[in-house]
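Numbering of ligands and ligand atoms starts at 1, following listing order.
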Amino acid sequence: MTKRILFLFPCFILLMVTTGNTQNPDQIRIPDILGYKTLTFDPHSHTVFSDGLVWPTVRVEEAWREGIDAISLSEHIEYRPFQRDVVVPDHNRAYDVARPAAERRDILLIRGNEITRSMPPGHFNALFHEDSNKLAVTEWRDAFRAAREQGAFMLWNHPGWNNQQPGPAQWHEEHTWLLENDMLHGIEVINGLLPNYYSPEAHQWCLDHGLAIIGSSDAHNPMAMDIDFASGERRAMTLVFAEERSIPAIKEAMMNQRTAAYFDDIIVGREEHLMALFQESIEIESVTRHRYSFSAVLKNHSDIPVVLTGKPGANETAEFFHKLTIPSQGSTEIYISDLNQDNIEEITLELIVENYLSRPGQGMPVQLTFRPD
Ligand SMILES: [Zn+2]
Ligand SMILES: [Zn+2]
């Protein structure tokens with residue numbers, strides 16, 4: 001009896017260690033594209049080390065539970081209201097506190113800080129740098145230089161935040177200076193903290209200037225206070241199309257604009273990436289031709305639903321769904337009537353993917369051809 005207990009005890013320890021390192025089975029499932037791995041990264045969140053309301057290890061645990069690959073605790077450099085209670089002078093501390101937990105949970109923890117200045121230039125995250133303390137300088141240009149000297153990726157946060165500039169987001173000459181000096185690499189087009197924050201202006205600037213399209217939570221509260229997980233909601237985040245699941249590969253992908261922003265079943269990105277995501281996600285199954293119509297099943301291999309409508313002015317010879325949602329990892333049967341009643345061999349529909357924004361505020365046009373099996 002004693003022997004058996006002695007035998008079981010080390011097994012229990014082993015089990016604890018093993019489960020600690022295992023990847024969350026609830027990993028968000030979005031297809032890989034173009035030979036790259038599709039990773040999930042939230043590059044903007046806060047803890048008590050600036051103005052957030054959680055301890056750094058809690059952010060790691062939240063990411064693990066949500067099946068997210070990478071996070072950044074982007075503490076404000078200039079705004080740390082809890083200084084009297086918990087904050088130490090060392091700006092690296094939140095990262096250092098979270099790091100062992102991140103290693104245990106296999107969460108890629110990327111050093112980040114929010115350079116928090118009035119507009120212009122506004123708030124910017126430096127990411128992937130080595131020493132946060134070097135960003136704590138008086139002049140904003142010196143803070144950007146200090147980040148860039150460390151090879152940082154520089155992200156313009158919430159350019160259309162009403163508190164800083166009411167109305168549409170505006171580009172200032174300071175932003176041109178940053179762009180010309182390799183200190184602007186991406187813009188938040190989606191910010192989960194601000195209600196319904198999607199900036200079409202920021203989306204257009206990303207396309208015009210070759211910048212990464214970024215979505216982030218900007219979480220301050222415990223995640224479950226702001227996100228209704230029970231209803232399937234997720235935090236805002238960035239999809240990164242990376243060569244492998246590593247921090248250097250995420251940086252390489254972001255520096256080369258292989259990203260998309262994701263929030264509330266909407267993906268904002270470049271057409272080349274969204275088209276590939278659509279092709280990898282949607283499969284046409286079991287097409288049947290009837291006398292003057294077709295039926296088929298559309299299957300979705302992604303956790304993100306796909307919403308389709310007909311392209312206005314197209315498809316004059318076909319009658320089909322008005323608006324169709326192919327649910328996450330689910331399928332939907334559709335019917336298409338050939339109005340010419342020609343007994344054609346196949347039929348092609350011109351559609352719009354309403355929740356894939358490849359242009360500011362506009363869904364992505366796609367074609368689907370239905371050919372009987
Ligand atoms: Zn901010
Ligand atoms: Zn922030």
Protein N, O or S atoms under 2.8 Å from the Zn ion (ligand 1)
3
Ring pair (Phe, Tyr, Trp, His ring centres under 6.0 Å): pairs with one or both residues in residues 135-154, sequence neighbours excluded:
Phe124-Phe144, Trp140-Phe144, Trp140-Trp177, Phe153-His185
Ring-plane angle category for Phe49 and Trp55, please: parallel below 30°, perpendicular beyond 60°, tilted otherwise.
tilted
Below 2.8 Å, can you find an N, O or S atom of His46 next to the Zn ion (ligand 2)?
yes
On a heavy-atom basis, which atom in Ala152 and which in Ala126 lie closest, and how many Å separate them?
CB-CB, 4.2 Å
Ring centres under 6.0 angstrom apart (Phe241, His273)
yes
Side-chain donor-acceptor pair under 3.5 Å between His123 and Glu188, yes or no?
no
Given the side-chain rings of Trp205 and His175, with only the six-membered ring counted for Trp, is the space between their centroids under 6.0 Å?
no
